[in-house]
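These notes concern the structure reproduced below.
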Amino acid sequence: LPSFVFFCQFSDSAGYVGFANLPNQVHRKSVKKGFEFTLMVVGESGLGKSTLINSLFLTDLYPERYIPGAAEKIERTVQIEASTVEIEERGVKLRLTVVDTPGYGDAINSQDCFKTIIQYIDNQFERYLHDESGLNRRHIIDNRVHCCFYFISPFGHGLKPLDVEFMKALHGKVNIVPVIAKADTLTLKERERLKRRVLDEISEHGIRIYQLPDADSDEDEEFKEQTRASIPFAVIGSNQLIEVKGKKIRGRLYPWGVVEVENPEHNDFLKLRTMLVTHMQDLQEVTQDLHYENFRSERLKRTGK
Amino acid sequence: PCAGPVESKNEAAMSELVPEPRQKPAVPMKPMGINANLLGYIGIDTIIEQMRKKTMKTGFDFNIMVVGQSGLGKSTLVNTLFKSQVSRKSSGWNREEKIPKTVEIKAIGHVIEEGGVKMKLTVIDTPGFGDQINNENCWEPIEKYINEQYEKFLKEEVNIARKKRIPDTRVHCCLYFISPTGHSLRPLDLEFMKHLSKVVNIIPVIAKADTMTLEEKTEFKQRVRKELEVNGIEFYPQKEFDEDLEDKTENDKIRQESMPFAVVGSDKEYQVNGKRVLGRKTPWGIIEVENLTHCEFALLRDFVIRTHLQDLKEVTHNIHYETYRAKRLNDNGGLPPMTTETEESHESNL
């Protein structure tokens with residue numbers, strides 16, 4: 001997590017006014033208020049989404065999970081399930097909402113499977129728009145989806161037709177972060193090949209995924225570049241602790257070796273977590289300034305307000 | 001297995017179906033001319049040697065179909081099974097190619113030889129299956145292809161002037177690739193197997209099994225077996241075709257414990273403990289394809305090739321093909337061109 005370093009220069013020299021202290025004040029107020037963040041998770045069944053979310057936030061968001069069989073799945077439509085958890089770290093409070101989309105991509109005919117998802121996102125925008133235009137604006141709750149992790153199967157050769165259609169339909173409504181899950185099924189070469197293929201196809205179809213902003217002056221430019229170059233992140237999640245060299249680490253135990261979740265040589269998990277956590281602010285901003293404003297102007301144009 | 005001399009003309013025409021004994025206790029072969037007991041030994045048992053020689057001379061056909069979503073390792077697995085470059089992957093297919101918009105059927109034939117025995121292997125690939133957004137009825141082209149091969153065979157069979165050896169393009173075995181989600185089967189898996197297990201031998205395999213730990217694998221296999229049972233899907237070896245108690249015991253074990261085989265395929269070799277092995281190299285270890293503690297590839301290979309190859313062909317011919325034939329003869333009151341002569345010899349065969 002970023003460590004908040006405060007550089008306060010109090011000087012009595014003439015010409016110093018003191019508003020350089022403003023960022024600290026903003027920061028302190030935010031810490032008191034706490035942060036809200038909504039993360040949506042989309043992908044076919046069995047791609048390791050839940051395990052990854054639990055690993056990312058070191059929590060068990062899905063304690064009594066029921067996994068339906070294939071015959072049940074035939075009847076099911078896409079559901080939207082939101083779970084909220086409060087995480088506190090070093091005095092900073094985060095109210096995290098994870099929005100799941102069980103049923104996505106499972107049906108034999110997945111033609112309409114993202115209608116429900118689009119509707120949900122629009123509904124959050126609608127509510128915010130309504131609250132924003134209301135009289136009492138002190139306690140507007142922001143339930144808008146700030147980020148969407150889209151899970152790409154590691155078993156394919158690139159994007160599937162459904163992946164392309166989904167991302168095209170949603171890249172104007174939410175920040176899309178493509179993720180390749182269960183990355184331990186790939187050799188390093190296969191991983192690179194898949195990443196390249198996915199990026200090519202994204203560019204080919206004109207899909208706009210979330211772009212990391214350029215590094216600020218106090219940020220590590222090289223680290224940022226490395227992070228950018230790893231997209232789409234190829235990750236592994238695990239809820240199990242395994243003993244490796246005397247230490248207990250999160251990983252997966254195979255007959256041929258141990259895959260370590262937090263080992264950067266094994267997968268991009270740490271990069272993904274760092275990216276998410278250090279960009280929560282930016283993800284919220286882009287949602288507000290780009291996606292929400294798009295929605296708002298379309299909406300207002302339509303109703304002729 | 002039926003013995004040679006009492007075969008009808010029909011059976012003899014398909015000489016590659018002359019049954020080769022499965023792994024039953026080896027029959028001691030007495031070279032002709034040396035009799036252990038002049039009064040007692042006739043030499044009937046030498047028929048097995050004659051059959052073996054005949055099979056070696058004529059060779060045999062084997063047609064294997066692979067079905068599953070793109071990227072599940074079908075082509076690699078088939079290459080690994082037959083230790084040759086026999087799949088679509090090796091004959092000018094480029095993995096960067098776009099997924100076809102409809103299901104295509106691509107059959108590639110190769111002749112491979114081992115120990116003097118020639119096998120004409122045909123691998124039938126089905127690109128496009130399960131890859132679209134709307135996969136409704138995507139098994140229909142596959143069912144159609146399978147029935148077309150039965151039809152081809154039937155037409156040859158009922159001909160007045162028949163070929164000595166009818167070319168056998170019928171699908172003897174269909175490997176169905178299940179995605180290793182670790183959860184359950186997918187709706188499409190159920191639909192496909194429900195429809196096709198009635199017309200062809202389906203062997204379900206769990207693809208890219210190196211994505212599951214041992215516990216996950218065991219749990220998933222149990223779950224899949226249960227789902228198949230609950231939905232009335234009979235995969236090969238089907239319970240109703242077990243010939244005797246020995247078969248049943250052997251097959252029960254396979255059905256209830258081993259299948260579906262969780263496999264990993266590879267056409268790359270690595271050095272492990274001084275030996276060259278087929279495997280996959282990752283930063284956390286090398287997965288050895290033929291190591292039974294790593295995956296069940298060797299079980300699948302032994303099952304399909306070393307023990308049940310002939311039985312796969314027999315069940316295809318004696319059960320699936322006959323079912324098709326009976327249906328065809330009942331619809332439309334028969335096929336052209338059929339004379340009463342041919343019809344009688346068929347009757348005696350049934």
Side-chain angles (χ1 to χ4, degrees), chain A residues 44-48 51 67-76 105-113 153-166 182-191 193-194 197 200 236 238 240 251-260 263 265-267, chain B residues 69-73 95-99 101 130-138 177 179-192 207-216 220 223-224 226-227 230-231 264 266 268 272 279-288 291 293-295:
Chain A
E44 292 180 348
S45 284
L47 286 183
T51 308
I67 295 177
E72 283 176 79
K73 281 191 191 152
I74 291 181
E75 304 300 324
R76 217 168 57 147
D106 283 343
I108 296 180
N109 183 355
S110 291
Q111 209 110 54
D112 292 329
C113 79
S153 170
F155 307 124
H157 293 301
L159 293 179
K160 294 199 181 139
L162 180 59
D163 302 336
V164 172
E165 289 312 303
F166 177 88
K182 294 199 171 178
D184 55 351
T185 207
L186 302 166
T187 63
L188 285 182
K189 242 197 233 151
E190 290 167 346
R191 192 190 300 178
R193 203 192 300 147
L194 180 60
R197 187 89 196 266
D200 284 346
I236 298 160
S238 172
Q240 291 182 315
R252 289 173 61 72
L253 175 66
Y254 290 111
W256 48 85
V258 177
V259 179
E260 300 165 39
N263 183 338
E265 317 236 317
H266 287 190
N267 75 117
Chain B
Q69 286 182 303
S70 170
L72 285 181
R95 80 163 67 243
E96 310 288 315
E97 258 174 40
K98 299 277 177 221
I99 293 173
K101 291 262 186 289
D131 291 326
Q132 311 310 322
I133 296 181
N134 182 357
N135 292 308
E136 269 168 6
N137 304 320
C138 70
F177 286 67
S179 184
T181 60
H183 284 193
S184 67
L185 288 175
R186 311 186 71 225
L188 180 60
D189 301 336
L190 271 191
E191 285 302 296
F192 177 86
K208 297 201 166 175
D210 56 348
T211 201
M212 294 187 286
T213 62
L214 283 178
E215 302 92 60
E216 289 167 350
F220 186 51
R223 185 120 190 209
V224 170
K226 188 88 196 284
E227 274 192 299
V230 161
N231 287 281
V264 173
S266 173
K268 294 197 171 62
V272 174
R280 291 171 59 68
K281 184 161 181 202
T282 66
W284 45 86
I286 295 182
I287 304 154
E288 300 163 46
N291 182 338
T293 58
H294 287 192
C295 79

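Any value given below was found using the heavy atoms of this structure, including those in side chains, with hydrogens, waters and symmetry copies removed. Just so we're clear, the structure is a prediction, and the values are computed from it rather than from any experiment.
Chain B forms the most heavy-atom pairs under 4.5 Å with one residue out of A:Ala71, A:Ala70, A:Gly158, A:Gly156, and that residue is A:Ala70. No other option in B:Gly285, B:Ser184, B:Pro187, B:Gly71 has as many heavy-atom pairs under 4.5 Å with chain A as B:Pro187. Interface remark: of the candidates A:Gly48, A:Pro68, A:Ala107, A:Pro68 forms the most heavy-atom pairs closer than 4.5 Å to chain B. When each of B:Val230, B:Asn231, B:Val264, B:Leu190 is scored by its heavy-atom pairs under 4.5 Å with chain A, the top score falls to B:Leu190. Between chain B and the residues A:Leu188, A:Asp106, A:Ile236, the largest count of heavy-atom pairs under 4.5 Å involves A:Asp106. With respect to chain A, the highest number of heavy-atom pairs below 4.5 Å among B:Arg223, B:Lys208, B:Glu136, B:His294 belongs to B:His294. The candidate from B:Met212, B:Glu191, B:Lys226 with the greatest count of non-hydrogen atom pairs under 4.5 Å with chain A is B:Met212.
A:Asn263 has its side chain out of reach of B:Trp284: every pair of non-hydrogen atoms, C-beta onward, lies at least 4.5 Å apart. Considering only heavy atoms from C-beta on, A:Asp184 comes within 4.5 Å of B:Thr211 through its side chain. A heavy-atom distance below 4.5 Å is not found between the side chains of B:Asn134 and A:Ser110.
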I'd like to know whether A:Glu44 forms a side-chain contact (heavy atoms from CB on, under 4.5 Å) with B:Arg186, so could you lay out the CA-CA distance, the side-chain angles of the two residues, the decisive distance to 0.1 Å, and finally the verdict. CA-CA 10 Å; A:Glu44 292 180 348; B:Arg186 311 186 71 225; 3.7 Å; yes
So B:Lys281 and A:Lys189, side-chain contact (heavy atoms from CB on, under 4.5 Å) or not? Walk me through it. CA-CA 10 Å; B:Lys281 184 161 181 202; A:Lys189 242 197 233 151; over 6 Å; no
Is there a side-chain contact (heavy atoms from CB on, under 4.5 Å) between B:Asn291 and A:Trp256? Walk through the geometry before answering. CA-CA 10 Å; B:Asn291 182 338; A:Trp256 48 85; over 6 Å; no
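Atoms CG and CD, from A:Asn109 and B:Gln132 in turn, are 11.0 Å apart once rounded to the nearest 0.5 Å. The OG atom of B:Ser179 sits 7.5 Å away from the CG atom of A:Leu47 when rounded to the nearest 0.5 Å. To the nearest 0.5 Å, atoms NZ (A:Lys73) and CG (B:Leu188) are separated by 12.0 Å. To the nearest 0.5 angstrom, A:Ile108 atom CD1 is 15.0 Å from B:Ile133 atom CD1.
Around atom CD of A:Gln240, no more than 12 heavy atoms belonging to other residues, nucleotides or ligands sit under 6.0 Å away.
At a 4.5 Å heavy-atom cutoff, the contact between A:Ile67 and chain B is made by backbone and side-chain atoms alike. With a threshold of 4.5 angstrom between heavy atoms, A:Glu260 does not approach chain B through any atom at all. At a 4.5 Å heavy-atom cutoff, the contact between A:Tyr254 and chain B is made by side-chain atoms alone. Contact of B:Leu185 with chain A is made through backbone and side chain together, with heavy-atom distances under 4.5 Å. Heavy atoms of B:Glu227 lying under 4.5 Å from chain A belong exclusively to its side chain. Contacts between B:Glu288 and chain A at a heavy-atom distance below 4.5 Å are absent for every atom of the residue. For A:Glu265, the part lying under 4.5 angstrom from a heavy atom of chain B is the backbone only. Both the backbone and the side chain of B:Asp210 come within contact range of chain A, with heavy atoms under 4.5 Å apart.
Legend: residues meeting side-chain hydrogen bond (donor to acceptor under 3.5 Å, both in side chains) with B:Ser70, ordered by chain and number and at least two apart, are absent.
Across A:Ser45 and B:His183, no two heavy atoms sit closer than the pair CB-ND1, 4.2 Å. Listed here is the closest heavy atom pair of A:Leu186 and B:Thr282: O-CG2, 4.5 Å.
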